[in-house]
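Structure first, commentary second.
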2 protein chains.
Amino acid sequence: MVLGLVANAGEATPYQLKQFAARSVGNFWTIQHAQLYTECERLAKAGLLDEEREEGGRRRRTYALTGAGREALDAWRATPATELGELRSPGLLQLFFGAEPGPLAAAQVESHAAKLAEYEELHAQAKDWLPDGQRLALEAGIAHEREWLKFWGALA
Amino acid sequence: MVLGLVANAGEATPYQLKQFAARSVGNFWTIQHAQLYTECERLAKAGLLDEEREEGGRRRRTYALTGAGREALDAWRATPATELGELRSPGLLQLFFGAEPGPLAAAQVESHAAKLAEYEELHAQAKDWLPDGQRLALEAGIAHEREWLKFWGALA
DNA sequence: ACCATACCGTCTAGTCTGGATTGTCAAACG
DNA sequence: CGTTTGACAATCCAGACTAGACGGTATGGT
């Protein structure tokens, strides 16, 4: 994930990666922001990222892919994942354990509707210039929010 | 989640909880098996579970809800979750970062089809005697596997 | 000059993860 | 009958991760 983020940015500080990730890939693959700092360090130590550090002030570290980093990323991309995603849904958990469906569904509908609106707005703005993969991932997100909305809507 | 599991079982050892969880609620809320042992202990210490330990042999610990445990569970059930689920999907991650859609989609279709078949078989067998919440959660799982299949299918 | 606010990185305690390890038991086998 | 085997069950450990607090740094406005 981190290699992908850096590749996508060209070069970036962990903080910038965090900002970008939070709005995009974070919707289906999250890590803690603190993790980005240690992970970049680790990848730099492993020779996959190149690290440049400011001397004064905030002493930001800026990272870019090395040749080895690009190779590792390409290798990863070329090995299609067979694993299914993991879902972690508090709402479904409550439903499973016998919560009253009505109020739960109402709460979930609201949340999912908000998320869907967010995705749709982003899609409307960005669909023409987003790289294919990113656009497709966003469209997957939209389709799934719609599906959740349908599911919870039927229960409300 | 653990309170729910214990309530559902009436009384059970962590090992039994693990077995049940792996086949059911584990599909949308997972924890490590080792975690069940520590969590049950913690809940017992907090007065929410009652612990009974075998003297000889495997020294199994059997847990059951206490009054306070049932109250805590009821309170949790009565507070509808507004949080959205979190998804963690390696396939989408690769797609996002520019992997070739074709082969990736093919791999994902296969995995999702298998999962869907598993869910559908379970549904066919159990739909008549499963508690409502559990059946609904299973139906949500089925709907979502179908949706994923549609998504990746269109890309393959 | 000063303040408010946003930016950015680091730290810590506690929790969780993955997997190995140790031990228990019942049934099958010679 | 003693032994072996494989499933059952609990525990342990090092390392990774989490949540969020904290402490500095920059910037624009007064």
Would you kindly give the [atom1]-to-[atom2] distance between [X] and [N], to the nearest whole Å?
X       : N      : atom1 : atom2 : answer
B:Gln16 : D:dA10 : CD    : C1'   : 13 Å
A:Tyr15 : C:dG9  : OH    : P     : 8 Å
A:Glu41 : D:dG15 : CD    : P     : 17 Å
A:Ile31 : D:dT18 : CD1   : P     : 8 Å
A:Lys18 : D:dG20 : NZ    : P     : 14 Å
B:Leu17 : D:dA9  : CG    : P     : 12 Å
A:Lys45 : D:dA16 : NZ    : P     : 11 Å
B:Arg88 : C:dT17 : CZ    : P     : 11 Å

**OP:** Measure from the side chain of B:Gln35, starting at C-beta and using heavy atoms only, and say which of C:dC16, C:dT10, D:dT18 lies closest.
**Re:** C:dC16
Subject >> Among C:dC11, C:dC16, D:dA10, the nucleotide that comes nearest once only the side chain of B:Thr13 is considered >> reply: D:dA10
Subject >> Derivation and outcome, ring pair (Phe, Tyr, Trp, His ring centres under 6.0 Å), residues B:Phe28 and A:Phe96 >> reply: CA-CA 10 Å; B:Phe28 48 84; A:Phe96 184 90; 5.7 Å; yes
Below the 4.0 Å mark, does [N] have OP1 or OP2 next to a side-chain nitrogen or oxygen of [X]?
X       : N      : result
B:Gln32 : C:dC16 : no
B:Tyr37 : D:dA10 : yes
A:Arg60 : C:dT10 : no
B:Arg42 : C:dT15 : yes

Original post:
Using 30° and 60° as the class limits, which term best fits the ring planes of A:Trp152 and A:Trp148: parallel, tilted or perpendicular?
Top reply: parallel
Subject >> 5' precedence on DNA chain C between B:Glu39 and B:His33 (nearest-nucleotide basis) >> reply: B:Glu39
Original post:
Does the distance from a Lys or Arg side-chain N to an Asp or Glu carboxylate O, for A:Glu51 and A:Arg61, drop under 4.0 Å?
Top reply: yes
Original post:
Does B:Arg146 pair with B:Glu120 as a salt bridge, N-O distance under 4.0 Å?
Top reply: yes
**OP:** Can you tell me which residue pairs pass the ring-ring contact (aromatic ring centres under 6.0 Å, His included) test with a partner in residues 117-143 of chain B, sequence neighbours excluded?
**Re:** none
